[in-house]
Asks: 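The structure is given below, and queries will be raised subsequently.
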Amino acid sequence: MKNILCSKIKTSTGCLPLLLSLATVFFSPVTASGMNCAENDTVIINDGPYIYFDSDALKVKWIENNHLVEENLTIFNFDKIKNRFNLLNNFNDLFNAFLIPPVFRQNYRNVDSIALISDVHGQYDIYTRLLKKNGIIDEDMCWKFGKGHLVVLGDVFDRGGKVTEIFWHLFGLEKQARKSGGRVHLLLGNHEVMILSQATSYIHNKYEKVENITGTDYYNLYSANSVLGSWLRSKPVIASINDIIFVHGGLSVDVVKRKMKITKINRLYHEKIIGKDYSFIEQNQDLLLLTDEKGPLWYRGYFFDKNFEESTIDSILKFYKKKHIVVGHTVTREIASLFDKKIIGIDAGIMYRKPGEMLIVKNGVFHRGLSNGKRIKL
Ligand code: ZN
């Protein structure tokens with residue numbers, strides 16, 4: 001395989017043009033403090049739960065002090081698991097994860113409050129602090145944002161060591177939000193598509209040890225037979241709320257030239273990209289564009305193309321009939337507005353263990369939401 005679907009075993013075959021070159025240029029200090037905490041063998045690994053179907057039975061496995069524990073999971077032992085891992089969901093929600101199909105049309109209107117976070121990359125502590133300080137969750141990690149919509153703009157996977165914890169929290173929070181009339185939108189980033197396509201080059205070294213202890217490839221912990229894997233396979237790559245588009249990397253003019261609307265992009269990703277071999281993708285120009293550096297999960301042109309002009313973003317927004325586009329993926333010092341908020345970049349470096357920021361949109365007014373809870377008008 002080539003391009004985005006490259007796995008770490010295949011990187012020596014020359015199949016890593018985009019992924020690794022971008023990572024090297026823009027993200028070279030991946031060894032920020034705390035990101036290699038599992039480097040020596042004396043580090044104690046705790047991880048899980050991984051809940052999945054096997055031979056028509058629901059099973060759970062987790063790692064406790066470097067040892068693998070596996071059990072059948074039933075209504076009778078679920079509370080033990082729920083309490084142990086602070087899960088917010090109920091037993092029946094585990095089954096619902098297998099029943100929800102992806103929704104390609106993602107267009108929400110009349111939403112007063114929107115909060116956004118992106119590129120949390122396994123940094124659970126920073127993620128929870130930002131959500132608490134910005135009024136999205138309470139001290140018990142439960143939904144506090146009422147009818148507001150929380151958008152998680154991709155790249156929960158990779159680099160950091162608490163990916164599992166973040167996904168389980170979002171899994172439970174999603175249901176709590178709906179009960180309050182709000183929503184959680186988890187959008188897929190390039191790292192979600194990579195893991196779901198068996199590319200594990202960027203997993204934290206803790207998860208290499210998890211692979212060893214479980215005897216399972218990391219991507220198989222998120223297989224379609226698993227609760228979180230099935231749930232992730234229902235998530236879109238692009239959505240819009242009110243007059244704003246949300247997508248991990250960005251929408252290039254090339255995507256507009258091929259007249260790809262939101263519904264089509266989501267459909268192509270789910271039906272023809274995620275989990276597919278590159279030999280399949282390379283036969284179709286639409287699929288090639290969606291998975292190269294001008295594709296929605298990879299694009300960095302807003303920030304790095306010196307020839308990018310305001311008239312270009314005007315034509316892109318006109319095609320989608322929207323006023324703003326919010327993206328993650330490209331790290332900026334703080335939440336950044338380009339062309340008077342026509343483009344807003346919200347990846348403020350959580351992957352480098354910086355305090356990070358959230359974008360808060362209240363009645364059409366944009367604010368930076370800081371890690372101390374302070375809000376600064378954008
Ligand atoms: Zn990314």
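Just so it is clear, the structure is predicted and the values come from calculations on it, not from any experiment. Atoms within a ligand are numbered from 1 in the order they appear, just like the ligands themselves.
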Asks: Regarding Glu192 and Lys235, does a basic nitrogen lie under 4.0 Å from an acidic carboxylate oxygen?
Replies: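 No.
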
Asks: Of all N, O or S atoms in His329, which has the smallest distance to the Zn ion (ligand 1)?
Replies: ND1

Asks: Check the surroundings of atom NZ in Lys133: do more than 12 heavy atoms from other residues, nucleotides or ligands lie under 6.0 Å from it?
Replies: no

Asks: Surrounding NZ of Lys61 (heavy atoms of other residues, nucleotides or ligands, distance under 6.0 Å), is the total greater than 12?
Replies: yes

Asks: Just by distance, no angles: are the side chains of Glu71 and Asn77 close enough, under 3.5 Å, to form a donor-acceptor pair?
Replies: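 Checked: Glu71/Asn77 side chains pair up, N/O donor to acceptor below 3.5 Å.
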
Asks: Within His248, is some N, O or S atom less than 2.8 Å away from the Zn ion (ligand 1)?
Replies: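 Checking the Zn ion (ligand 1) against His248, an N, O or S atom does fall under 2.8 Å.
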
Asks: Out of the N/O/S atoms in Asp155, what is the name of the one closest to the Zn ion (ligand 1)?
Replies: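 Per the distance ranking, Asp155 contributes OD2 as its closest N/O/S atom to the Zn ion (ligand 1).
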
